[in-house]
Amino acid sequence: MASSFTAFLAGRQIASGERDEVAQSINQQLLEQDGAVLVFEDGSGRITDIDYRDTAPRSAGRPKLGVQAREVTLLPRHWEWLSEQPGGASAVLRRLVEDARRKGRTDRECRDAVYRFMQAACGDMPGYEEALRALYSARDDEFFAAVDQWPEDLGRYIRKLLTSDGDGRLRNGA
């Protein structure tokens, strides 16, 4: 599953989608108006850089799969068990990762993503500190009362980061 990104310009969402789509939209927006663009990775809420200057269409051909060889350090008994599994070690590790990704983010990961976004994009908004305290205390009503004073696009994105099921409610627990 490809990562998705969301871009903001002056508190207004200007793009959302895959990296290339967002880069093209940023490029177009900046041709029309000037300003500082903030881009966030939707899964983590982390601010990220996207090179939007070279947004020419990609050439035809086989797409890159993005496969990266990395080192995995395991004990001999782990390697032995992996070698006995169908498809070998790589297939087993891919299945484990995909199973974990299907389960979605934990409650803590959702709150941390919102925190990272708020820290980068909302620090000067009214009620910012109170909203952060309410976020980690799971005081939903207080949190949304503060967030609802902010530009609508910021609040909508915060709700998106909070939960993958779209109910817009803070989750309790770690």
Side-chain angles (χ1 to χ4, degrees), residues 1-58 63-66 68 97-98 100-174:
M1 183 169 110
S3 293
S4 62
F5 300 85
T6 302
F8 291 87
L9 176 64
R12 185 176 57 86
Q13 181 177 320
I14 60 169
S16 185
E18 293 184 11
R19 180 180 291 270
D20 290 344
E21 296 169 14
V22 171
Q24 289 175 354
S25 184
I26 290 170
N27 193 16
Q28 182 60 38
Q29 290 284 331
L30 291 179
L31 289 175
E32 297 170 7
Q33 59 183 329
D34 198 16
V37 175
L38 296 176
V39 180
F40 297 88
E41 195 274 323
D42 292 337
S44 67
R46 283 187 170 88
I47 196 163
T48 188
D49 292 327
I50 290 184
D51 186 3
Y52 53 83
R53 295 168 295 183
D54 181 23
T55 58
R58 298 263 164 104
K64 286 187 173 184
L65 296 177
Q68 296 178 349
V97 169
E98 290 305 319
R101 288 178 58 113
R102 270 192 289 282
K103 291 178 183 173
R105 296 180 301 158
T106 65
D107 300 339
R108 181 64 184 219
E109 289 170 326
C110 290
R111 284 193 303 270
D112 289 348
V114 169
Y115 168 75
R116 285 187 289 271
F117 171 72
M118 287 175 56
Q119 187 178 36
C122 307
D124 59 350
M125 295 292 155
Y128 169 77
E129 291 87 4
E130 293 81 9
L132 282 180
R133 284 191 285 276
L135 173 67
Y136 282 102
S137 300
R139 297 189 317 262
D140 298 6
D141 294 338
E142 291 176 42
F143 177 74
F144 288 114
V147 169
D148 288 343
Q149 298 174 39
W150 303 347
E152 187 177 329
D153 287 344
L154 297 179
R156 185 176 21 255
Y157 188 66
I158 286 170
R159 283 176 168 80
K160 178 180 176 180
L161 289 175
L162 276 175
T163 174
S164 58
D165 58 11
D167 66 4
R169 300 302 292 169
L170 287 171
R171 300 176 187 187
N172 294 319

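Everything quoted here is computed from the prediction, not taken from an experiment.
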Main-chain N/O of Ile14 paired with Ser25 side-chain donor or acceptor, under 3.5 Å:
yes
Straight-line distance of Glu41 CD to Arg46 CZ, nearest 0.5 Å
8.5 Å
I'd like to know if the side chain of Arg19 and the backbone of Ile50 have a donor-acceptor N/O pair within less than 3.5 Å.
no
For residues 145-154, which residue pairs qualify under side chain to side chain donor-acceptor pair (under 3.5 Å), counting only residues two or more places apart or in two chains?
Asp148-Arg159, Glu152-Arg156, Asp153-Arg156
Minimum heavy-atom distance between Pro151 and Met125, given as atom pair plus value
CD-SD, 3.8 Å
Would you give the length of the straight line joining atom CZ of Arg12 to atom CG of Leu154, rounded to the nearest 0.5 angstrom?
11.5 Å
Given Val39, which partner from the list Thr6, Ile26, Asp49, Ile47 fulfils the side chain to side chain contact (heavy atoms under 4.5 Å, CB included) test?
Ile26
Does any N or O in the side chain of Ser137 come within less than 3.5 Å of the main-chain N or O of Arg139, such that one atom is a donor and the other an acceptor?
no
Drop me the distance from Asp112's CG to Leu161's CG, to the nearest 0.5 angstrom.
11.5 Å
Considering non-hydrogen atoms only, spot the tightest contact between Gly43 and Arg105 and give its length.
O-NH1, 2.9 Å
Side-chain contact test, heavy atoms from C-beta onward, threshold under 4.5 Å: evaluate it for Arg108 versus Thr106 and give yes or no.
yes
Heavy atoms of Arg116 and Gly45 approach each other most closely as CB-O, 3.6 Å
Going by the angle between their ring planes, with limits at 30° and 60°, are Phe40 and Phe8 parallel, tilted or perpendicular?
perpendicular
Check Met118 against Tyr128 and note the closest heavy-atom contact, atom names and distance.
O-CE1, 3.4 Å
Does any non-hydrogen side-chain atom of Asp42 lie less than 4.5 Å from one of Ser16?
yes
Can you measure from CZ (Phe117) to CG (Leu38) and round to the nearest 0.5 angstrom?
8.0 Å
